[in-house]
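Working notes for the structure below.
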Amino acid sequence: MRGTRIRCGGFAVGPTLAVAVLTALIVVATAGSASPARAAECQVVSDTPYDIEVEATTPKARLDHSKSAAQIQAIAGRNILGMHSTRLRPRLDIRPEYYPVNGGFCYWIASVHLEVVSESPYVLIPREYARGSCNYQAILMHEDKHAVVAKRVIRDFAQDFESPLTSLAIPKHHSPVFTEDITERYQQDIDTIWELLMPTFEELVAYMDREQAKVDTEAEYRRVHAKCTTW
């Protein structure tokens, strides 16, 4: 599975987008046996409304003090003092429901749970700077700003994913659709939902890029350097 790797302080955004699908096909047992209903006669049988849940998960960044300055610069691809990095990864859990009819099934999506994860965030500080030293603390304070921005952006953006999930392209409890193949229809809906979500995820990545760039200013770099007498 791929992810969008965000690196800050020098800041870089990888070009690929993440999709990590966590799915569980849930069969809903309904009263009665197979119905003679035709495709156009699929009726609402569920009292449970379509449920959307969007969750933002931003764990505390892990501190990595094991790499040299040269190694960190090689990872970042530029001359930097430290780095904050995280992988943005959406995780999707889609729950379908259906009941048998003549020749197939009446089918709908009961719920969608989307988790936008800041996955495995970490902060890199060169091992040349002893833990607790002036240089160590100055770099850590700067990279912590990137961690705060990442958490804020993901949290504030989470609800923007709700709108595409209300699309009429997703069959819901009040408008079940007929299908002869549950698995095929389920995969079709997974693909449709990802297509609906990806533009918002791309906007999130672009917005993260802009907000993180505001941390890496020349004024900020001068402020960090001024904190210590030697580098």
Side-chain angles (χ1 to χ4, degrees), residues 1-22 56-92 114-158 194 197-231:
M1 293 178 287
R2 298 170 296 161
T4 296
R5 174 63 69 181
I6 305 293
R7 291 174 180 155
C8 315
F11 183 71
V13 181
T16 59
L17 296 178
V19 290
V21 184
L22 306 179
T57 302
T58 53
K60 182 176 176 59
R62 174 177 57 88
L63 180 62
D64 186 343
H65 193 220
S66 66
K67 295 177 176 59
S68 68
Q71 288 174 314
I72 294 175
Q73 289 167 14
I75 293 171
R78 57 181 293 189
N79 185 18
I80 60 173
L81 289 173
M83 188 174 75
H84 171 266
S85 180
T86 188
R87 182 183 298 276
L88 297 182
R89 187 185 297 274
R91 297 175 179 172
L92 192 59
L114 173 68
E115 184 181 18
V116 183
V117 184
S118 174
E119 189 175 69
S120 302
Y122 61 87
V123 170
L124 292 172
I125 299 178
R127 65 186 179 215
E128 288 89 342
Y129 301 124
R131 188 180 296 270
S133 67
C134 178
N135 307 79
Y136 178 97
Q137 291 300 130
I139 295 171
L140 180 60
M141 289 178 64
H142 172 79
E143 301 307 332
D144 278 348
K145 290 183 179 181
H146 284 298
V148 170
V149 169
K151 185 174 183 177
R152 171 180 59 80
V153 168
I154 295 172
R155 182 195 65 226
D156 293 349
F157 224 90
W194 277 126
L197 291 173
M198 281 301 99
T200 304
F201 188 67
E202 290 171 347
E203 291 174 14
L204 167 59
V205 172
Y207 183 62
M208 179 76 79
D209 187 0
R210 294 192 298 270
E211 291 300 294
Q212 294 288 16
K214 294 177 182 178
V215 178
D216 286 327
T217 63
E218 289 300 323
E220 170 68 5
Y221 290 151
R222 288 194 298 269
R223 189 192 65 79
V224 172
H225 276 273
K227 281 183 171 292
C228 306
T229 56
T230 59
W231 287 93

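The figures here come from the full heavy-atom set of this structure, side chains too, leaving out hydrogens, waters and symmetry mates. All figures in this text were calculated on a predicted structure; none of them were measured in a lab.
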Looking at every non-hydrogen atom in both residues, tell me the closest pair between [X] and [Y] and how far apart they are.
X: Arg89; Y: Phe201; answer: N-CZ, 4.5 Å
X: Ser118; Y: Pro121; answer: O-CD, 3.4 Å
X: Gln73; Y: Ile80; answer: NE2-O, 3.5 Å
X: Ala61; Y: Val123; answer: CB-CG2, 4.1 Å
X: His65; Y: Ile125; answer: CD2-O, 3.2 Å

I'd like to know whether Tyr129 forms a side-chain contact (heavy atoms from CB on, under 4.5 Å) with Gln137, so could you lay out the CA-CA distance, the side-chain angles of the two residues, the decisive distance to 0.1 Å, and finally the verdict. CA-CA 9 Å; Tyr129 301 124; Gln137 291 300 130; over 6 Å; no
First locate atom [atom1] of [X], then atom [atom2] of [Y], and finally report the distance between them rounded to the nearest 0.5 Å.
X: His84; Y: Leu140; atom1: NE2; atom2: CG; result: 11.0 Å
X: Ile139; Y: Ser133; atom1: CD1; atom2: OG; result: 7.5 Å
X: Arg152; Y: Glu211; atom1: CZ; atom2: CD; result: 4.5 Å
X: Glu119; Y: Leu88; atom1: CD; atom2: CG; result: 9.5 Å
X: Lys60; Y: Asp144; atom1: NZ; atom2: CG; result: 6.5 Å
X: Thr57; Y: Glu115; atom1: OG1; atom2: CD; result: 3.5 Å

Any non-hydrogen side-chain atom of [X] less than 4.5 Å from a side-chain atom of [Y]?
X: Leu124; Y: Glu143; answer: no
X: Thr58; Y: Arg155; answer: no
X: Leu114; Y: Pro90; answer: yes
X: Asp216; Y: His142; answer: yes
X: Lys67; Y: Ile75; answer: yes
X: Asn135; Y: Glu128; answer: no

Using side-chain contact (heavy atoms from CB on, under 4.5 Å), reason through Val205 and Met208 one step at a time and then give a plain yes or no. CA-CA 5 Å; Val205 172; Met208 179 76 79; 5.6 Å; no
Can you sort out the partners of Tyr136 under side chain to side chain donor-acceptor pair (under 3.5 Å), two or more places apart, ordered by chain and number? Arg131
Tell me the side-chain hydrogen bond (donor to acceptor under 3.5 Å, both in side chains) pairs involving residues 222-231, sequence neighbours left out?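 Sorted result for residues 222-231: Glu220-Arg223.
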How far apart are the C-alpha atoms of Val116 and Phe157, what are their side-chain angles, what is the distance that settles it, and do they pass the side-chain contact (heavy atoms from CB on, under 4.5 Å) test? CA-CA 9 Å; Val116 183; Phe157 224 90; over 6 Å; no
Determine, step by step, whether Arg127 and Ser66 satisfy the side-chain contact (heavy atoms from CB on, under 4.5 Å) criterion, reporting the C-alpha distance in whole Å, the side-chain angles of both residues, the deciding distance to 0.1 Å, and the verdict. CA-CA 6 Å; Arg127 65 186 179 215; Ser66 66; 5.7 Å; no
